[in-house]
Student: 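Structure provided below as structure tokens; questions to follow.
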There are 2 protein chains.
Amino acid sequence: MSLSDKVSFRDIKAQILARIRDRVWAPGAIMPGEVELSHEFGCARATVNRAMRELADEGFIDRRRKTGTRVNANPIRQAKFEIPLVRVEIEASGAAYRYALVSCESPPTPDWLRARLGLGPDDKVLHLQCMHYADNAPFQFEDRWINKATVPDIDCSDFETLSPNEWLVNQVPFTEAEISFSATAANESNADLLALPVGEPVFTAERITWLKTRPITFARMFFGRGYRMTTRF
Amino acid sequence: MSLSDKVSFRDIKAQILARIRDRVWAPGAIMPGEVELSHEFGCARATVNRAMRELADEGFIDRRRKTGTRVNANPIRQAKFEIPLVRVEIEASGAAYRYALVSCESPPTPDWLRARLGLGPDDKVLHLQCMHYADNAPFQFEDRWINKATVPDIDCSDFETLSPNEWLVNQVPFTEAEISFSATAANESNADLLALPVGEPVFTAERITWLKTRPITFARMFFGRGYRMTTRF
DNA sequence: CAGTGGTCTAGACCACCAG
DNA sequence: TGGTGGTCTAGACCACTGC
């Protein structure tokens, strides 16, 4: 490191984090402003700004105009989970991926779904169920409803060999999504498909997507035994 | 909007996203470079840079020197979950929070824990179990091990009224964390505390934290019936 | 009103890497 | 080796908000 080296926003982030960790600036306390720090570190204010902005995004500090920047007392750390396609997730684990369509039909729209997605009285839906296997072991059972009003050119034949998951990604962009995770008990239909006893705990994901304000699809995904969703930071 | 208004990186992000959504730039295709876009939008390159950098962070595009920027074919969208303190989570829901210590002791370190945390043969641990209630209903059962080598000044008396969760946040900063979620079956000890039948599905979180390379704590958190972790984007 | 963060600019140099 | 993204600078003006 020579004197001519420019100071990077990464160095500044690390410095600030170290000072927070070592309680140089106590939780809840105001820390120096951008101008002061840029003098101390001998760099431009923009550089300090980027460092502090990223720290704020990551939940370490709280920034407010006029008041200044405060060290976050209860760091609401946020965990990021990557949500890849099932196929990609399975292939990344080194296993062979296999897809199978279980059923596909166009039933009358159930009331609960109408309520959940905010569908109009005449909106039709497609209902399909399919399986994703990893090395021929059941990995995920997918139970999906698709709004025909938003996705008109759709037909069960589309899903003979391609998962709806992937078909939708390629055909219908979405702008909003809601995901939730929970633990449910295997019922008769998914216990059978996942090769589990009825009542067994199943890691379950629900996902709704919209294009602007128009609902596209509602999906429930039931994962096979022992599934874990993990992240590090 | 007047001609004199400066172009914001937000506008540019929105524009680019719209073009990706509308397949103006197809998935997998190279999109124009920063210089070209800055001319088109009539702004500085730095502004385009910030817009594109954020889109890259969010997983929409893939940037490489020399090659240029590519629209991501399989958008590995990442879901961010906020991981607040249990107390904060409960209070935010409008419920009254209550904490209760179930047990606290210093047993011989179990081998599985030694392996899991990479503890040395002489490292001692503290084991404690506690409950978090929301409006007096069981919300979360916490089963935690703390490494005394990393956290020397620790004693069961610290946790009579303050949850270990909160104590650690205030006393011991961490640098690394690993979190994983799964669905498990209630066993006899947690079924009783959570007021659930044995075998009932339980949403379960495991968390390990380190200070640099030294393990601090391993915790398992079992959530009461119907718990959901939700996010939107 | 005044102080702090938020953003944009114009220009510069650097780092990486495909051809 | 040239082209593209990555970053820093110095300066400017704006926007929000506590006093």
Side-chain angles (χ1 to χ4, degrees), chain A residues 1-17 19-20 25-73 75-76, chain B residues 1-17 19-20 25-73 75-76:
Chain A
M1 187 163 82
S2 73
L3 286 175
S4 65
D5 283 346
K6 288 188 179 167
V7 180
S8 160
F9 73 96
R10 294 168 201 283
D11 304 331
I12 299 185
K13 272 183 78 170
Q15 274 292 325
I16 294 178
L17 265 182
R19 291 187 194 179
I20 291 176
W25 299 318
I30 293 280
M31 50 184 275
E34 297 188 348
V35 182
E36 188 174 340
L37 287 176
S38 68
H39 290 152
E40 182 194 334
F41 290 119
C43 66
R45 181 167 79 98
T47 307
V48 175
N49 179 277
R50 176 156 180 197
M52 294 179 86
R53 178 157 38 82
E54 293 196 357
L55 288 170
D57 286 344
E58 291 159 20
F60 291 103
I61 59 181
D62 194 29
R63 317 196 73 195
R64 283 183 150 166
R65 285 162 166 153
K66 170 75 178 179
T67 313
T69 299
R70 213 172 264 284
V71 177
N72 226 319
I76 300 184
Chain B
M1 187 163 82
S2 73
L3 287 174
S4 65
D5 284 346
K6 288 188 181 168
V7 179
S8 162
F9 74 95
R10 294 169 201 283
D11 304 331
I12 299 184
K13 273 182 77 171
Q15 274 292 324
I16 294 177
L17 266 181
R19 292 185 193 181
I20 291 175
W25 300 317
I30 294 281
M31 49 184 276
E34 296 188 350
V35 183
E36 187 174 339
L37 286 176
S38 68
H39 290 153
E40 182 195 333
F41 290 119
C43 67
R45 181 167 79 99
T47 307
V48 175
N49 180 279
R50 176 157 180 197
M52 294 179 88
R53 178 159 36 82
E54 293 196 357
L55 288 171
D57 286 344
E58 291 159 20
F60 292 103
I61 60 181
D62 193 29
R63 317 197 73 196
R64 285 185 152 170
R65 284 163 168 153
K66 171 72 180 179
T67 315
T69 299
R70 214 172 263 285
V71 176
N72 226 319
I76 299 185

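Throughout, protein chains are lettered first and strands after them, A, B, ... in sequence-line order, and every chain is numbered starting at 1.
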Student: How many Å lie between CZ on B:Arg65 and P on C:dC13, as a whole number?
Tutor: 17 Å
Student: Measure from the side-chain heavy atoms of B:Thr69 and tell me the nearest of D:dG5, C:dT7, D:dT9.
Tutor: D:dG5
Student: For D:dC8 and A:Ser8 - does any side-chain N or O of the residue sit under 4.0 Å from the phosphate oxygens OP1/OP2?
Tutor: yes
Student: Of the nucleotides D:dC16, D:dG6, D:dT9, which one has an atom closest to the side chain of B:Glu34?
Tutor: D:dG6
Student: Just the rounded figure in Å: distance from P of C:dC1 to NZ of A:Lys66.
Tutor: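 Rounded to the whole Å, the gap is 13 Å.
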Student: Using whole Å, report how far CZ of A:Arg45 lies from P of C:dC8.
Tutor: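 Rounded to the whole Å, the gap is 13 Å.
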Student: Select one nucleotide: of D:dG3, D:dT7, C:dG6, the one nearest the side-chain heavy atoms of A:Arg10.
Tutor: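 Closest of the options to the side chain of A:Arg10: D:dT7.
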Student: Give a yes/no on whether any side-chain N or O of B:Arg50 is located under 4.0 angstrom from OP1 or OP2 of C:dT7.
Tutor: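 Checking C:dT7 against B:Arg50, a side-chain N or O does come within under 4.0 Å of OP1 or OP2.
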Student: Regarding A:Glu34 and A:Arg53, does a basic nitrogen lie under 4.0 Å from an acidic carboxylate oxygen?
Tutor: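 A:Arg53 and A:Glu34: not salt-bridged.
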Student: Can you see if the side chain of B:Thr67 gets near the phosphate of D:dG3 - specifically, an N or O under 4.0 Å from OP1 or OP2?
Tutor: no
Student: Of the candidate nucleotides C:dT7, D:dT9, D:dG3, which contains the atom at the shortest distance from the side chain of A:Cys43?
Tutor: D:dT9
Student: How many Å lie between CD on A:Glu54 and C1' on C:dG5, as a whole number?
Tutor: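 It is 16 Å, rounded to the nearest whole Å.
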Student: Rounded to the nearest Å, what distance is computed from the CG atom of residue A:Asp62 to the C1' atom of nucleotide C:dG6?
Tutor: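 Taking atom C1' of C:dG6 as the reference, CG of A:Asp62 is at 15 Å.
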Student: Taking only the side-chain nitrogens and oxygens of B:Arg63, find out if one of them lies under 4.0 Å from OP1 or OP2 of D:dG6.
Tutor: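 Answer is yes, contact under 4.0 Å.
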Student: With heavy-atom distances below 4.5 Å as the criterion, would you say the side chains of A:Cys43 and A:Phe9 are in contact?
Tutor: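 Not in contact.
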Student: Is any side-chain heavy atom of B:Lys13 less than 4.5 Å from a side-chain heavy atom of B:Glu58?
Tutor: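 Result yes, sub-4.5 Å side-chain heavy-atom pair found.
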Student: Expressed in angstrom and rounded to an integer, what is the separation of B:Ile12 atom CD1 from D:dG5 atom P?
Tutor: 14 Å
Student: Nearest whole angstrom, please: distance from the P of D:dG6 to the CG of B:Leu55.
Tutor: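 These atoms are roughly 12 Å apart.
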Student: Rounded to the nearest 0.5 Å, what separates atom CE in A:Met52 from atom CG in A:Leu37?
Tutor: 5.5 Å
Student: Answer yes or no: is there a donor N or O on one side and an acceptor on the other, between the side chain of B:Arg63 and the main chain of B:Thr69, under 3.5 Å?
Tutor: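 No: the side chain of B:Arg63 does not pair with the backbone of B:Thr69.
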Student: Taking only side-chain N and O atoms of B:Thr47, does any of them lie within less than 4.0 angstrom of OP1 or OP2 on C:dT7?
Tutor: no
Student: Can you check the A:Arg64 CZ to D:dG18 P distance for me, whole Å?
Tutor: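 About 6 Å, once rounded to whole Å.
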